[in-house]
There are 2 protein chains.
Amino acid sequence: MHPERFRLKAQIIKAMAHPSRLMILDALSEQEMCVCDLQKIVGSDLSTVSKHLSVMKNAGLVQDRKVGLQVFYRLRVPCIMQFFGCVEEVIASRFVSDHFDDALQTCPR
Amino acid sequence: MHPERFRLKAQIIKAMAHPSRLMILDALSEQEMCVCDLQKIVGSDLSTVSKHLSVMKNAGLVQDRKVGLQVFYRLRVPCIMQFFGCVEEVIASRFVSDHFDDALQTCPR
DNA sequence: TGGCGAAATGGTAAAATAGCCAATAATTGA
DNA sequence: TCAATTATTGGCTATTTTACCATTTCGCCA
């Protein structure tokens, strides 16, 4: 695969790799929301939330729509939510068997 | 959802959010590989590759196994590879219709 | 048309990340 | 047991990211 492709993919993944941004994506998976709604959920400064949204929009994760004074954001590609299930699987597997092989060798009860 | 949960998920996602690390995951999806193999693929210093692997191991993405002098790494949770398909979808959708609504309004040819 | 509210942008300081080199471990084999 | 090989760790610097505050922009309506 072309190196530039990896750079592109990393950019998109990086755009989700932040607790607040995951919180935002999670909220948007339920319904479209304005920046002010999202600010209440995330709890940081409005400008901070706006910048998070800008990064995600730039990456192609979300889409916006202006209505009067407000800007409403929504998810652009639904499949990213399925992915989070896989992330849960990673978390689960960490608890189940950290260093499984090692454990078998040193603790074979 | 609990804030700590978002932090955990972000840690895992962040562990993939780098071109070299994606390159590594891609290679490991084919087969188990030692650090020296991965270094040839990635092209940076061996210590750099080792640190990338350490981050991903810590996140639960990969698992290692020592054989003599070499350490072999492999994927721990296969589902992350499916996700990359979704990332491709994001990339594709960016080319198809960036700011689709705006485009309709300002450039209706 | 002046002021108000929502959002974006600029500026900046603090924190996190990345990458290289050097040094250290660990293991093999001569 | 010493030298060679593979990997990890420490130290350091440069870069990137984050978050806040202040400022600006944009649209609404009194």
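Numbers restart at 1 for each chain; the letters A, B, ... are given by sequence-line order, proteins then strands.
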Between atom [atom1] in [X] and atom [atom2] in [N], what is the gap in whole Å?
| X | N | atom1 | atom2 | result |
| --- | --- | --- | --- | --- |
| L53(B) | dT8(D) | CG | C1' | 11 Å |
| N58(A) | dT9(C) | CG | P | 10 Å |
| M56(B) | dA18(C) | CE | C1' | 14 Å |
| Q39(A) | dA8(C) | CD | P | 12 Å |
| Q70(B) | dT6(D) | CD | P | 7 Å |
| L46(A) | dC26(D) | CG | P | 17 Å |
| M23(B) | dG19(C) | CE | P | 10 Å |
| D45(A) | dT12(C) | CG | C1' | 14 Å |

If hydrophobic clusters are built by linking Ile, Leu, Val, Met, Phe, Trp and Tyr wherever their side-chain heavy atoms come under 4.5 Å apart, do [X] and [Y] end up in the same one?
| X | Y | answer |
| --- | --- | --- |
| V55(A) | L38(A) | no |
| L28(A) | V67(A) | no |
| V71(A) | I41(A) | yes |

State, yes or no, whether a side-chain contact exists between [X] and [Y] at a heavy-atom distance under 4.5 Å.
| X | Y | answer |
| --- | --- | --- |
| R76(B) | V62(B) | no |
| V77(B) | L61(B) | no |
| Q31(B) | M33(B) | yes |

**OP:** Please round to the nearest 0.5 Å and tell me the distance separating atom CG of L69(B) and atom SG of C36(B).
**Re:**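 One gets 10.0 Å once the value is rounded to the nearest 0.5 Å.
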Original post:
OP1 or OP2 of dT17(D) sitting under 4.0 Å from any side-chain N/O of H52(A)?
Top reply: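 No, no such contact exists.
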**OP:** Please determine if a side-chain N or O atom of Y73(B) lies less than 4.0 Å away from the OP1 or OP2 oxygen of dT8(D).
**Re:**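 So the side-chain polar atoms of Y73(B) do come within 4.0 Å of the phosphate oxygens OP1 or OP2 of dT8(D), strictly under.
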For nucleotides 24-30 of chain C, which of its nitrogen or oxygen atoms have a protein nitrogen or oxygen under 3.5 Å away, and what is each distance?
none

**OP:** Indicate yes or no for a side-chain donor-acceptor contact from R94(A) to the backbone of N58(B) under 3.5 Å, with no hydrogens or angles considered.
**Re:**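 Present.
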Subject >> DNA chain D-proximal residues of residues 26-37 of chain B, any heavy atom under 4.0 Å >> reply: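 Residues of residues 26-37 of chain B that come under 4.0 Å of DNA chain D are, in numerical order, C34(B), V35(B), C36(B).
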**OP:** Locate the shortest heavy-atom distance separating A59(B) from V90(A); write the atom from each residue and the value.
**Re:**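 Looking at all heavy atoms of both residues, the shortest contact is O-CG1, 3.4 Å.
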Original post:
What is the minimum heavy-atom distance between S29(A) and D26(A), and which atoms define it?
Top reply: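 So the minimum-distance heavy-atom pair works out to OG-O, 2.6 Å.
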**OP:** Would you mind classifying the nucleic acid contact of F72(B) as base, sugar-phosphate or nothing, using non-hydrogen atoms under 4.0 angstrom?
**Re:**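 No contact.
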Original post:
Knowing that exactly one of I12(B), L25(B), L75(B) qualifies, which makes a side chain to side chain contact (heavy atoms under 4.5 Å, CB included) with M56(B)?
Top reply: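 Answer to the side chain to side chain contact (heavy atoms under 4.5 Å, CB included) test with M56(B) among I12(B), L25(B), L75(B): L25(B).
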N/O to N/O distances under 3.5 Å, protein versus nucleotides 10-13 of chain D:
residue: dG10(D); atom: O6; partner: K51(B); partner atom: NZ; Å: 3.1
residue: dG11(D); atom: O6; partner: K51(B); partner atom: NZ; Å: 2.8

Original post:
Looking at dA7(D), dA7(C), dT8(D), which one has an atom nearest to any side-chain atom of S50(B)?
Top reply: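 The closest nucleotide is dT8(D).
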**OP:** Looking only at side-chain atoms of T48(B), point me to the closest of dA7(C), dG19(C), dA19(D).
**Re:**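 Selected nucleotide: dG19(C).
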Original post:
What class does the angle between the rings of H18(A) and H52(A) fall in, given that below 30° is parallel, 30 to 60° is tilted and above 60° is perpendicular?
Top reply: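 Geometry flag for H52(A) against H18(A): tilted rings.
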